[in-house]
Amino acid sequence: MSGKKEEFIPFTPGKVNMYVCGITAYDVCHLGHARSAIVFDIIKRYLRYSGYDVTHVRNITDIDDKIIARSAQEGISTEEVAKKYTDEYYNDMELLGVSRADIEPNATDHIHEMVETIKGLIEKGYAYPVDGDVYFEVSRFSGYGKLSGKNIDDLKAGARVDIDERKRSPLDFALWKSSKEGEPFWESPWGKGRPGWHIECTAMSSKYLGTSFDIHGGGADLIFPHHENELAQSEAYSDEPFVKYWMHNGFITVDKEKMSKSLGNFFTIKEILSRYEPEVVRYFLLSAHYRSPIEFSDVQLNEAELSIDRYYTTVLRIDDFLQSESNIDRITSSAELEDIMSGFRHKFHNAMNDDFNTASALGIIFELIREVNRFLDSKPAGQRARDFVKQAYDLLAEIGGVLNIFNKTPEEWYRALMKVKKIDITEDDLLKKIDARQNARKNKDWSAADDIRNELAAKNIILEDKKDGTSWKIKVG
RNA sequence: GGCGACGUACCCAAGUGGUAAGGGAGGGGUCUGCAAAACCUCGAUUCAGCGGUUCGAAUCCGCUCGUCGCCUCCA
């Protein structure tokens, strides 16, 4: 609310109520929608990891002008439009690995609550009906503009909206819209109509989380007018502070411009997932702070892929080492690794406690990865060394789990890459070729061995020779 | 026009008063049959520019330049 970072103190100790604006179900989702979903999913996961009991509400707007337009265009009902794109949305979210919210309310299931709220606002003098519409009178609410940092006079001066003579001020916004011929409607004290966009969040958040709750999230483009209006309605209605902490994620940009429907410069989630692993998308989005704009490009996604691969390559080494059977204890100098390990959780928590600084958290992970690799390079041996490495691995897995990345085995990662990169060789055939090459190598037939390696390299498969075998990887980046 | 954000190495990106995390690319090296991976090493005396505050600033203040966003639906 202050526009600054503040210490997080929830209304009820240990309990966090968060409401995040979902989507309007009128079209397929693009990467921008994915960012919001992923960012708040990680925020929720971290809060839970930190011991909070989190209730997460994410709404779906299933009736509005765009849905009506789409319904006319596709020749199906608004319910069918909403159903179709809601299903698509949940499907995309599942593919991306975004967890479900605890409560996922639809606007049309809460018409009654909205009507009650609107009635209350009229009674209190904050809203007025005109010809079957109901408007919120912005000038009645003294705090209007406090979220977006705007003031009413500036807004009036810069108003680009068409002037509606029936409204007392151009800034007044609709709580209820009368329905035109052929449009879907619900009965109300003001006649047949449908709710305005903002009122659903007021009605549903107070129903599920109470009139005051801790966190309200959404994309930065919702700050004005959506959240400003929500705030005005809610506080006017309840006389309570609406939300303690507003959190808005930044945009995804393409050539520095906001990715958006209207500019047409968007990439759908499906398109991207046809070329990249979901984990790559998640990593990419976590590699910048959630409030910053983040530039989308294949170069960026390739770098994310490369970073993840570095992780799994290290895990592969860790696995090899843990399976080694040497009983000779040989703990090599590990002061640096011990050092990093002992401060690791603390550093991670510091990063995340500082407004969920995931980019910094990733940096910390790679510091540990480097030290683990250094330790393994120093040729340690024995059970103590194995326990030590296992500990490091568990730390990485724990933190990866919170960020919802690094949750595969290396084998799963490479198999997934094989699929997404459409490499046309079965794992069986691949292993046979590796076998054949091992034989050649045993016979010191280097040219035959190199031929096989080159042949696989042409398919973007990389072989790594190690002491006790050869492992395969998929070329990334 | 009003309001706001941002500008850190070749690229991406942390860092909001104490002397520049991390990843990628690149040069050199160790290891390897050769590779790959990994590790070591080199790489911004410097944080858009100019002033100011301070013992000390990328970090605070002012101005300039540049980019973007919101003010209309938008994650």
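Lettering of chains follows the sequences in order, A, B, ..., and the numbering in each one begins at 1.
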Phosphate contact (B:A37 OP1 or OP2) by A:Arg317 side-chain N/O below 4.0 Å: no
Qualifying residue, where the test is side-chain contact (heavy atoms from CB on, under 4.5 Å) with A:Ile269 and the options are A:Met93, A:Glu88, A:His30: A:Met93
Any strand: nucleotide that pairs with B:G62 via Watson-Crick or wobble, under 3.5 Å: B:C50
Listed nucleotide nearest any side-chain atom of A:Asp465, set B:C39, B:G33, B:C71: B:G33
Touch class at under 4.0 angstrom, heavy-atom based, for A:Asn249 against every strand present: base
B:G56 - base-pair partner by Watson-Crick or wobble geometry, distances under 3.5 Å: none
Closest to side chain of A:Arg310, choosing from B:C34, B:A38, B:A75: B:A38
Side chains of A:Asp62 and A:Tyr85, donor plus acceptor under 3.5 Å: no
Sugar-phosphate, base or nothing in reach of A:Gly250, heavy atoms under 4.0 Å: base
Identity of whatever pairs with B:A5 - Watson-Crick or G-U, under 3.5 angstrom: B:U67
B/S/- contact track for nucleotides 6-18 of chain B, protein heavy atom under 4.0 Å: -----BSSSS---
Step-by-step salt bridge (Lys or Arg N to Asp or Glu O under 4.0 Å) determination, A:Asp450 to A:Arg453: CA-CA 5 Å; A:Asp450 289 351; A:Arg453 187 168 64 197; 3.5 Å; yes
Given A:Lys475, A:Arg310, A:Lys421, the one that forms salt bridge (charged side-chain N to carboxylate O under 4.0 Å, His left out) with A:Glu305: A:Lys421
A:Phe366 over B:G23, stacked by centroid distance under 5.5 Å, angle under 30°: no
Watson-Crick or G-U wobble partner of B:A44, both distances under 3.5 Å: none
Any A:Lys261 side-chain nitrogen or oxygen under 4.0 Å from OP1 or OP2 of B:A75: no
Heavy-atom donor-acceptor pair, A:Asn460 side chain to A:Ile474 backbone, under 3.5 Å: no
B:U30 pairs with, by Watson-Crick or G-U criteria that keep both distances under 3.5 Å: B:A38
Sugar-phosphate only, base, or nothing, as touched by A:Arg437 at under 4.0 Å among non-hydrogen atoms: base
Note: A:Lys433-A:Asp429 ion pair, threshold 4.0 Å (strictly below): no
A:Tyr90 six-ring centre to A:Arg100 NZ/CZ under 6.0 Å and within 45° of normal: yes
